[in-house]
Amino acid sequence: MPRKSIPQARKPRSAQRFRRLLLAWYARAARDLPWRRTRDPYRVLVSEVMLQQTQVSRVAEYYPRFLEKFPDLRSLASAPARAVREAWDGLGYYARARSLHALARSVAGRGEAGRGVAKLPEDPQELVKLPGIGPYTAGAVASFAYEKPVPAVDTNVRRVLRRVFLGDAGRGTGDGYIWELARALVPKDGKRAWRFNQAIMELGALICRARRPQCSQCPVRPVCRTGKRLDA
DNA sequence: TTCCGGTCCT
DNA sequence: AGGACCGGAA
């Protein structure tokens with residue numbers, strides 16, 4: 001029994017069409033970003049932590065340099081705090097760097113000496129226990145690194161889902177409901193889930209933006225409760 | 001000058 | 001529930 005009653009989000013009628021339109025658009029409009037070219041859990045993790053409060057253009061600049069200095073979990077774990085802080089300098093929110101460093105130390109130190117390489121958990125429930133990893137990043141790592149069919153809801157995703165499926169009624173909708181909705185929409189196949197999660201975030205970043213959404217160019221407008229009645 | 005954002009802490 | 005953390009963009 002759930003402790004709280006989160007209003008049950010069932011799969012909307014237009015779910016299938018939404019996914020089709022979204023993925024077709026993503027196939028032709030997606031930006032080619034470095035972290036979309038890897039499934040290495042460590043690299044995915046670093047990109048997601050950097051992207052937490054920092055724009056894509058800035059992360060694109062720091063991400064390769066950081067990975068050059070710390071190419072894997074082990075090298076990050078054994079680095080001095082000052083070196084990590086320096087590699088992070090300019091990104092802001094330095095608690096993220098400290099958490100990431102602590103995470104590396106804890107994960108790398110977990111395995112038996114000499115045996116298997118340190119490995120990040122695959123399960124979001126385990127990932128959220130690590131420092132600096134909340135519900136969003138846990139879902140993102142599970143999906144983008146391990147191709148698990150789980151949702152990853154950041155503010156982009158939250159905004160898109162609200163506008164498309166809830167319309168004006170969605171203003172006061174709680175987090176739990178949005179996550180349930182996302183769970184109902186994510187394809188069960190991991191590779192499709194990967195593309196779906198990337199695509200819905202890309203839509204939120206490029207088209208369904210917080211201010212001045214570009215409804216006239218939106219691929220899912222035919223199924224959107226908000227955009228359908230807006231003028232171009 | 002105001003707004004924006006995941007996670008952590010209060 | 002509400003603010004702190006930072007730096008860029010509106």
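Here is how names work: the chains are called A, B, and so on, in the same order as the sequence lines, proteins then strands, and each is numbered from 1.
Nearest heavy-atom pair, A:Pro121 versus A:Tyr146, reported as atom, atom and distance to 0.1 Å: O-CE1, 3.2 Å.
The ring pair (Phe, Tyr, Trp, His ring centres under 6.0 Å) pairs that include a residue from residues 19-57 of chain A are A:Trp35-A:Tyr63, where partners are two or more places apart or lie in different chains.
Look at A:Arg225 and A:Asp168 and you find no salt bridge, because none of the NZ, NE, NH1 or NH2 atoms lies under 4.0 Å from a carboxylate O. Taking the charged nitrogens against the carboxylate oxygens, A:Glu68 and A:Arg65 have no contact shorter than 4.0 Å, which rules out a salt bridge. Comment: A:Lys148 does not engage A:Asp123 in a salt bridge, judged by the lack of any side-chain N to carboxylate O separation of less than 4.0 angstrom.
Checked by atom type, the side-chain pair A:Gln52/A:Tyr136 shows no donor-acceptor distance below 3.5 Å. No side-chain donor-acceptor contact under 3.5 Å links A:Gln198 and A:Arg195.
Judged by a 6.0 Å distance limit and a 45° cone about the ring axis, A:Arg85 is positioned over the six-membered ring of A:Tyr94.
Atom CZ of A:Arg96 is separated from atom C1' of B:dT7 by 10 Å (rounded to the nearest Å). Atom CE in A:Met50 sits roughly 17 Å away from atom C1' in B:dG5 (whole-Å rounding). Separating the NZ atom of A:Lys129 from the C1' atom of B:dT7 is a distance of 18 Å, rounded to the nearest angstrom.
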For nucleotides 2-10 of chain C, read 5' to 3', which letter fits each nucleotide if B means a protein heavy atom sits under 4.0 Å from the base, S means only the sugar-phosphate is that close, and - means neither?
---BBSSSS

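OP1 or OP2 of B:dT7 sits under 4.0 Å from a side-chain N or O of A:Thr137.
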I'd like a list of close polar pairs between nucleotides 8-10 of chain B and the protein, N/O only, cut-off under 3.5 Å.
unit_1 : atom_1 : unit_2   : atom_2 : d
B:dC8  : OP1    : A:Gly132 : N      : 2.6

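The side chain of A:Arg159 lies closest to B:dG5 when the candidates are B:dG5, B:dT7, B:dG6.
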